There are 2 protein chains.
Amino acid sequence: MTPPAKTSANPLFLRDEELRQGIEMLFYAYRDFIAEPDAILRRSGFGRAHHRVIYFVGRYPDTTVSALLDILQITKQSLSRVLGQLVRDGYIQQVKGPQDRRQRLLRLTEKGRDMELKLTEDQRARFARAYRDAGVEAVDGFRKVMLGLLTRDEDRDRFKRLDNGSR
Amino acid sequence: MTPPAKTSANPLFLRDEELRQGIEMLFYAYRDFIAEPDAILRRSGFGRAHHRVIYFVGRYPDTTVSALLDILQITKQSLSRVLGQLVRDGYIQQVKGPQDRRQRLLRLTEKGRDMELKLTEDQRARFARAYRDAGVEAVDGFRKVMLGLLTRDEDRDRFKRLDNGSR
DNA sequence: AATATACGTCAGCATTGTTGACATATATCG
DNA sequence: CGATATATGTCAACAATGCTGACGTATATT
C-alpha cells in the first residue's frame, strides 16, 4: 500500500525519468535549432513563420496552398499574412494550377532560393555534425524514434527510406 | 566542370536529402509534440510559455529565476510575465533563497503539480510509445543524435546516463 | 443550375518574444 | 564601511504569429 518511491531501484521512476529526458531533449534541440535562423530572419525583417514557408516551398516546388496548410497546421489566415509578404517581396512566385486553375502553385524565386540556403545552412551543418558524431547506426535509431513520435501516418510517409542505389 | 547533379547516384545530393529529412523530422515531431498541451492550455487561459515554466520548475524544484532563464533562453521580462501569472494563480510558489536571500526559489504547488502532470501526460505517452516501438538500441541512437544537435555542453550535461542500479 | 472547393481578405484579439529604462534588496570586494 | 556587482522585479511599447469570424471570387463538380 505504499506509493511508488522515487528511488533508482524503482523501475517506474526510471521509466518516467527516461521519458522526461526525451521531452527535454526535444525542447533543447528545437530551441537551439531555431536560434540561428531566427537571428538571420530578424535582420531581414522576417520571422520564424516566413522561414517555414520558404523551407517547405523550396522542398516541395509547385505545392498548393492547401498542402502547405496541411504541413504547417495553421489557419489560412495565418499563412496568408506571411505568404503575402513573401510574394510581394519577391521570394515566392505563384502560378495558376494547370489542371485545377483554382490552385495557386508556389515556388521559390532565385532570391527565395538564396534565402532558403542561407537560412538552413546552420541547420544542415548542425545535423551533419550530429549525424557524423553519432554514426550511421545511431542515425537509424534517431529516425525510428522521431517517426514514432509523429501523430499521422501520412507524415511518416514523407520519409521514405534513403536509397544509395547500391543494389 | 559540371555542377553536382541531383541524382540518386550523387553522394552530395544523398547527403543533403538526409540532412533535410532530419530538419523536417524535427519540425514535424515538435509540431505534434506541442499540439495536445497547447489545446489544454488554451482552455485554461494559458499559453505554451506557461507550460515550459511549469515543466521546468517541476523538473528542478527550488530552481532560481536565473537558472530558468538560462534554460528557456528568453529575457527576464518575457519570463516575468508568465511567471507572475502562475504565481498569482497559485501554480507556483516563491521562497527566498536560504543562502542568497536575493534569489527567489521556485517550486510547484499541489495545483501546479496537477497541471504539470495533465500537460505532460500526452507527451510522456508519446515518448513511451515511440521508445517502445523503436526498441532500446534505437533509443540510444536517438539520444546520441539529439545530444549532438545541442549547442552547449552544459545542456548535454543535463542528460547523464540512466542507471538501473544493476552493477 | 446548384453546390462545393481553393484561395484571398478584412478585422479584432491573445500570446509571447523583443528592447530600453529604472528600482530594490542583498551580496561581495577593496 | 562604502562602492560595486548581482538577483530580481516592473513599466511601457512594439513586432510576430497564432486564433476566430465573416465575407468574396473564381473555378470545379454534381
Side-chain angles (χ1 to χ4, degrees), chain A residues 27 30-31 34-35 37-55 57 62-89 92-106 119, chain B residues 27 30-31 34-57 62-89 92-106 119:
Chain A
F27 166 76
Y30 195 75
R31 182 199 67 180
I34 59 182
D38 273 8
I40 297 172
L41 289 157
R42 193 149 242 283
R43 284 177 244 132
S44 307
F46 287 142
R48 200 175 297 171
H50 299 85
H51 185 191
R52 293 202 273 255
V53 172
I54 287 179
Y55 181 87
V57 169
D62 286 347
T63 193
T64 65
V65 173
S66 319
L68 198 48
L69 285 174
D70 183 64
I71 288 174
L72 301 176
Q73 300 266 287
I74 58 176
T75 60
K76 64 172 177 175
Q77 293 94 323
S78 294
L79 172 58
S80 178
R81 190 161 34 201
V82 295
L83 183 55
Q85 291 171 29
L86 290 170
V87 169
R88 272 196 300 283
D89 292 358
I92 287 181
Q93 182 188 353
Q94 289 174 311
V95 302
K96 282 199 177 185
Q99 279 90 35
D100 189 332
R101 289 165 47 80
R102 291 172 302 181
Q103 298 176 336
R104 298 287 175 273
L105 307 187
L106 308 172
L119 285 174
Chain B
F27 166 76
Y30 195 77
R31 182 200 68 179
I34 59 182
E36 174 65 15
D38 274 7
I40 297 172
L41 289 157
R42 192 151 243 283
R43 283 176 246 133
S44 308
F46 288 142
R48 199 175 297 171
H50 299 86
H51 185 191
R52 292 203 274 257
V53 172
I54 286 178
Y55 181 87
F56 283 108
V57 169
D62 286 347
T63 193
T64 65
V65 172
S66 318
L68 197 49
L69 285 173
D70 183 65
I71 288 174
L72 301 175
Q73 299 268 285
I74 59 177
T75 60
K76 64 172 178 174
Q77 293 94 326
S78 295
L79 172 59
S80 178
R81 192 162 34 201
V82 294
L83 183 55
Q85 290 171 31
L86 291 170
V87 169
R88 273 194 300 282
D89 292 358
I92 286 180
Q93 180 187 356
Q94 289 174 311
V95 303
K96 283 199 177 186
Q99 279 89 35
D100 189 333
R101 289 164 47 80
R102 291 171 302 181
Q103 297 176 337
R104 297 288 175 275
L105 306 188
L106 308 172
L119 285 174

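In what follows, every chain begins at residue 1, and chains take the letters A, B, ... in the order their sequences are listed. Treat the numbers as computed from the prediction; the structure is a model and nothing was measured. The basis for the numbers below is simple: all heavy atoms, side chains too, and nothing from hydrogens, waters or symmetry mates.
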Checklist entry - What does the inter-axis angle of the helix from C:dA1-D:dT30 to C:dG30-D:dC1 come out as, five pairs per end, nearest 10 degrees? => result 30°
Checklist entry - Are A:F27 and B:Y55 side-chain neighbours, meaning at least one heavy-atom pair lies under 4.5 Å? => result no
Checklist entry - What string of B, S and - do you get for nucleotides 14-19 of chain D 5' to 3' if you count protein non-hydrogen atoms under 4.0 Å? => result --SBBB
Item to check | Nucleotide interval of DNA chain C bounded by contacts with chain B (heavy-atom cut-off, under 4.0 Å) | outcome: C:dT15 to C:dA27
Checklist entry - With A:L79, which residues qualify under side-chain contact (heavy atoms from CB on, under 4.5 Å), at least two apart? => result A:V53, A:V65, A:L68, A:L69, A:L72, A:I74, A:V82, A:L83
Next on the checklist: According to salt bridge (Lys or Arg N to Asp or Glu O under 4.0 Å), does anything in residues 67-78 of chain B pair up with another residue at least two apart or in another chain? List the pairs.
Outcome noted: B:D70-B:R152, B:D70-B:R158
Checklist entry - If every non-hydrogen atom of B:G47 is compared with every non-hydrogen atom of B:L41, which pair is closest and at what distance? => result O-CD1, 3.4 Å
Checklist entry - Does B:R101 have any side-chain hydrogen bond (donor to acceptor under 3.5 Å, both in side chains) partners at least two apart in sequence or in another chain, and if so, which? => result none
Item to check | Closest non-hydrogen atom pair, B:P37 against B:L119 | outcome: CG-O, 3.7 Å
Checklist outcome for this item: The side-chain hydrogen bond (donor to acceptor under 3.5 Å, both in side chains) partners of A:R104 (sequence neighbours excluded) come to none
Checklist outcome for this item: Residues passing the side-chain hydrogen bond (donor to acceptor under 3.5 Å, both in side chains) test with A:Q103, sequence neighbours excluded, are none
Checklist entry - Mind checking what makes side-chain hydrogen bond (donor to acceptor under 3.5 Å, both in side chains) contact with B:S78, not counting sequence neighbours? => result B:T75
Checklist entry - Is there a side-chain contact between A:L106 and A:T64, using heavy atoms and a 4.5 Å cut-off? => result no
Item to check | Summary of protein contacts for nucleotides 25-30 of chain D, nucleotide by nucleotide, where a base hit scores B, a sugar-phosphate-only hit scores S (4.0 Å, heavy atoms) | outcome: -BBS--
Checklist entry - Residues in side-chain contact (heavy atoms from CB on, under 4.5 Å) with A:A35, at least two apart? => result none
Item to check | Listed once per pair and sorted, the side-chain hydrogen bond (donor to acceptor under 3.5 Å, both in side chains) pairs that draw on residues 41-50 of chain B, sequence neighbours left out | outcome: B:D38-B:R48, B:H50-B:Q85
